[in-house]
Amino acid sequence: MSTSIHPFILLCILISISLTDGTQLILVNNCKESVWPGILGSAGHPTPKDGGFHLCSGEEVVLEVPEGWSGRIWGRLGCCFDPKTGKGSCETGDCGGLLKCGGIGGVPPATLVEMTLGTSQSSLHFYDVSLVDGFNIPLSMKPVGGGVGCGVAACEANLNVCCPSALVVKSQGKVVGCKSACLAAKSDRYCCTGEFSSPKSCKPSAFARLFKTICPQAYSYAYDDSAGLKTCKAPRYVITFCPPN
């Protein structure tokens with residue numbers, strides 16, 4: 001009786017083992033328009049999909065990221081790229097005028113999903129939705145199968161419709177983004193830098209408090225960690241652009 005394993009079965013086993021070592025990120029575009037997700041791995045971490053791609057309205061894409069992956073994901077809007085060169089521009093969240101960001105971060109204002117996933121030594125995943133770099137699109141990150149205690153990080157409201165005039169970013173007469181107070185003022189007080197680089201000295205601005213009131217499940221400024229940071233241990237997460245609210 002042969003004890004060898006059929007190559008196809010062996011391949012399935014190897015794929016199964018590899019998936020258990022990482023996490024699935026399911027990116028869903030629930031918006032009425034196209035979104036171009038931007039992805040940036042933190043230093044020493046890979047950047048999936050070369051950092052960017054086109055996601056049609058109603059479409060979803062599954063990313064496999066390795067154990068311990070750390071990075072950020074954001075949505076780019078109003079993009080136009082040359083299909084041959086991959087060069088072009090976006091109204092918000094642009095990364096060097098490239099379809100595939102390739103290690104370049106998005107130009108603020110941009111709503112961010114940030115995460116540091118667990119390892120075999122430290123299993124918890126940490127993640128948040130951040131408005132520290134401003135806002136351009138509603139965004140959420142929700143665990144699937146994580147059990148009790150897993151939170152949803154989100155800014156489900158469209159802050160562009162209630163953005164204070166001092167923070168508004170327009171394109172062709174339409175509001176396409178809302179700056180953070182830090183981005184608008186470029187001061188240590190609002191950016192929590194210099195002499196204001198501690199939780200005691202850096203307090204939320206009136207704008208940050210407004211963001212927090214509308215999006216209580218998101219970070220509104222640098223030291224806003226009371227409810228913004230979520231923890232979980234789930235095999236997969238759904239990251240939704242324009243989540244239902």
Side-chain angles (χ1 to χ4, degrees), residues 35-43 51-52 70-79 89-97 101 103-116 126-141 153-171 174-230 239 241-242:
V35 173
W36 288 259
I39 310 167
L40 178 63
S42 302
S70 178
R72 59 175 54 184
I73 296 172
W74 69 98
R76 294 172 289 167
L77 297 176
C79 301
S89 63
C90 299
E91 289 180 342
T92 58
D94 193 70
C95 57
C101 298
I104 301 174
V107 176
T111 320
L112 302 176
V113 164
E114 304 169 313
M115 70 194 78
T116 297
F126 296 87
Y127 53 99
D128 66 79
V129 166
S130 174
L131 306 175
V132 175
D133 282 346
F135 172 94
N136 71 327
I137 186 173
L139 191 56
S140 69
M141 180 168 175
C155 182
E156 297 175 341
N158 183 3
L159 292 181
N160 288 337
V161 301
C162 56
C163 183
S165 59
L167 307 182
V168 161
V169 174
K170 289 186 177 183
S171 177
K174 183 181 76 170
V175 177
V176 295
C178 190
K179 296 179 182 179
S180 65
C182 169
L183 183 62
K186 295 182 172 61
S187 69
D188 288 345
R189 179 184 297 276
Y190 293 125
C191 296
C192 297
T193 52
E195 63 178 305
F196 297 96
S197 59
S198 72
K200 287 186 177 180
S201 59
C202 191
K203 302 301 180 184
S205 65
F207 301 128
R209 288 194 292 270
L210 173 64
F211 288 172
K212 192 67 177 180
T213 299
I214 300 171
C215 290
Q217 294 172 295
Y219 268 91
S220 61
Y221 79 110
Y223 290 112
D224 176 18
D225 58 1
S226 58
L229 185 63
K230 309 299 180 183
I239 296 170
F241 300 100
C242 304

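We count residues from 1, following the sequence as given. These numbers come from the heavy atoms of this one structure, side chains and all, not from hydrogens, waters or symmetry mates.
Here the OG-CZ distance, from S140 to F241, works out to 9.5 Å after rounding to the nearest 0.5 Å. From T193, atom OG1 reaches atom CG of D188 across 3.5 Å, with rounding to the nearest 0.5 Å. Rounded to the nearest 0.5 Å, atoms SG (C155) and CG (L112) are 11.5 Å apart. Atom-to-atom distance recorded for C215:SG and F135:CZ is 6.5 Å, nearest 0.5 angstrom. Here E114 contributes atom CD and L229 contributes atom CG; the two are 9.5 Å apart, rounded to the nearest 0.5 Å. Going from atom CZ of R189 over to atom CD of E195 covers 7.5 Å, rounded to the nearest 0.5 Å.
Contact record, G78 with W36: N-CZ3, 4.1 Å, taken as the closest heavy-atom pair. When every heavy atom of S180 is checked against every heavy atom of F211, the shortest pair comes out as CA-CE1, 4.4 Å. When every heavy atom of A185 is checked against every heavy atom of Y190, the shortest pair comes out as CB-CD1, 3.4 Å. Y223 approaches F196 most closely through the heavy-atom pair CE1-O, 4.3 Å. Residues C178 and N160 come closest through the heavy atom pair N-OD1, 3.5 Å. Between V129 and L139 the shortest heavy-atom distance is CG2-O, 3.9 Å.
With R76 contributing its side chain and T92 its backbone, the two residues share no donor-acceptor pair below 3.5 Å. Side-chain atoms of K212 do not come within 3.5 Å of backbone N or O of Q217 as any donor-acceptor pair.
At a threshold of 4.5 Å between non-hydrogen side-chain atoms, the residues L77 and C90 do not count as touching. By the 4.5 Å heavy-atom criterion applied to side chains, L159 and I214 are counted as neighbours. C101 is not listed as a side-chain neighbour of L40, based on a closest heavy-atom distance of 4.5 Å or more. At a threshold of 4.5 Å between non-hydrogen side-chain atoms, the residues N136 and E91 do not count as touching. Contact of the D133 side chain with the R72 side chain is registered, since non-hydrogen atoms from C-beta on lie closer than 4.5 Å. Looking at L131 and T111, their side chains come closer than 4.5 Å, going by heavy atoms from C-beta outward.
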Item checked: side chain to side chain contact (heavy atoms under 4.5 Å, CB included) between V113 and Y127, worked out -> CA-CA 7 Å; V113 164; Y127 53 99; 5.6 Å; no
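By the SG-distance test at 2.5 Å, no disulfide connects C192 to C182.
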